[in-house]
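So the structure is just underneath, and the comments pick up after that.
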Amino acid sequence: MIIALYKITSHDEISYYYIHDYQGHLFSPYTFTAIWGKNLSMGKEKSFSFSTQSDMDKRIHELFKTKLKQGFKLLYTYPPRNDYQDMFIHLAEKQVS
């Protein structure tokens with residue numbers, strides 16, 4: 001899974017927030033990594049590990065809510081249609097209404 005979010009800052013710069021699950025963790029079956037900044041190859045990075053899928057989904061949901069409040073929008077997901085994309089879109093629609 002890959003999820004890329006973006007926002008345009010007040011200085012017309014693009015800030016990214018990128019989530020992926022392709023780096024596994026030796027001691028946890030559920031993990032994802034978040035990378036953020038203006039240049040993802042030099043951005044900040046944090047890995048999250050969980051004991052259950054439910055706990056991981058809950059944390060991603062919290063991150064999405066925070067990023068939406070900060071003005072981030074969905075840029076890209078892989079696979080193109082996935083549960084996390086649907087989760088983000090649902091939260092974005094809920095925020096607008």
Side-chain angles (χ1 to χ4, degrees):
M1 159 269 294
I2 299 171
I3 301 164
L5 309 176
Y6 78 99
K7 77 173 179 176
I8 299 174
T9 67
S10 58
H11 299 8
D12 288 333
E13 296 176 317
I14 299 175
S15 185
Y16 296 98
Y17 196 86
Y18 181 80
I19 299 171
H20 68 77
D21 66 352
Y22 53 80
Q23 279 180 312
H25 189 273
L26 185 59
F27 302 108
S28 177
Y30 305 100
T31 184
F32 70 88
T33 300
I35 304 169
W36 64 94
K38 294 186 180 25
N39 182 340
L40 292 178
S41 65
M42 298 182 342
K44 295 181 181 181
E45 181 175 318
K46 183 172 182 180
S47 292
F48 299 84
S49 297
F50 306 91
S51 55
T52 67
Q53 178 77 44
S54 174
D55 289 342
M56 185 173 90
D57 290 348
K58 184 194 251 184
R59 182 64 179 125
I60 289 174
H61 186 271
E62 292 168 358
L63 282 172
F64 283 169
K65 284 175 62 174
T66 301
K67 295 301 158 196
L68 277 166
K69 287 179 184 175
Q70 294 173 350
F72 280 83
K73 297 178 181 171
L74 187 63
L75 176 64
Y76 175 82
T77 63
Y78 184 83
R81 294 296 299 170
N82 63 56
D83 293 340
Y84 295 116
Q85 179 188 33
D86 294 342
M87 180 191 296
F88 187 87
I89 290 169
H90 174 74
L91 285 170
E93 290 171 348
K94 197 170 162 184
Q95 184 183 35
V96 171
S97 56

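Fair warning: this is a prediction, and the values are worked out from it, not measured in the lab.
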Dump the intermediate steps for side-chain contact (heavy atoms from CB on, under 4.5 Å) on Ile2 and Tyr22, then the final yes or no. CA-CA 8 Å; Ile2 299 171; Tyr22 53 80; 4.2 Å; yes
May I ask you to test the [X]-[Y] pair for a side-chain heavy-atom distance under 4.5 Å?
X: Ile60; Y: Met1; value: yes
X: Leu68; Y: Phe88; value: yes
X: Asp86; Y: His90; value: no

Using the side-chain contact (heavy atoms from CB on, under 4.5 Å) criterion, which residues pair with [X]? Sequence neighbours excluded.
X: Thr9; result: His11, Glu13, Ser15, Lys38
X: Tyr6; result: Ile8, Ile14, Tyr16, Lys73, Leu75
X: Thr77; result: Ile3, Leu74, Asn82, Gln85

Taking NZ, NE, NH1 and NH2 as the nitrogens, is one of them in Glu62 or Arg59 under 4.0 Å from a carboxylate oxygen of the other?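 Counted as a salt bridge, because a side-chain N and a carboxylate O are separated by less than 4.0 Å.
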If you look only at pairs with a residue in residues 45-58, which of them pass as a side chain to side chain donor-acceptor pair (under 3.5 Å), with sequence neighbours excluded?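 Residue pairs with at least one partner in residues 45-58: Thr33-Ser47, Thr52-Asp55, Gln53-Asp57, Gln53-Tyr84, Asp57-Tyr84.
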Assess the residue pair Phe72 and Leu63 against the criterion (side-chain contact (heavy atoms from CB on, under 4.5 Å)); give the C-alpha distance rounded to whole Å, side-chain angles, the decisive distance to 0.1 Å, and a yes or no. CA-CA 11 Å; Phe72 280 83; Leu63 282 172; over 6 Å; no
Same cluster or not: Met42 versus Ile35, using hydrophobic residues (I, L, V, M, F, W, Y) connected whenever any side-chain heavy atoms lie under 4.5 Å apart?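 Different clusters: Met42 never reaches Ile35 through Ile, Leu, Val, Met, Phe, Trp or Tyr contacts under 4.5 Å.
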Is Lys7 reaching over with its side chain to a backbone N or O of Gln70, donor-acceptor style, under 3.5 angstrom?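 Answer holds: yes.
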In chain order, what residues pass the side chain to side chain donor-acceptor pair (under 3.5 Å) check against Asp83, with sequence neighbours excluded?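 Side chain to side chain donor-acceptor pair (under 3.5 Å) check on Asp83 returns nothing, list empty.
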Tell me whether the rings of Tyr17 and Trp36 are parallel (<30°), tilted (30 to 60°) or perpendicular (>60°).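 Parallel.
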What residues form a ring pair (Phe, Tyr, Trp, His ring centres under 6.0 Å) with Phe50, not counting sequence neighbours?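 Phe50 satisfies ring pair (Phe, Tyr, Trp, His ring centres under 6.0 Å) with Phe32 only.
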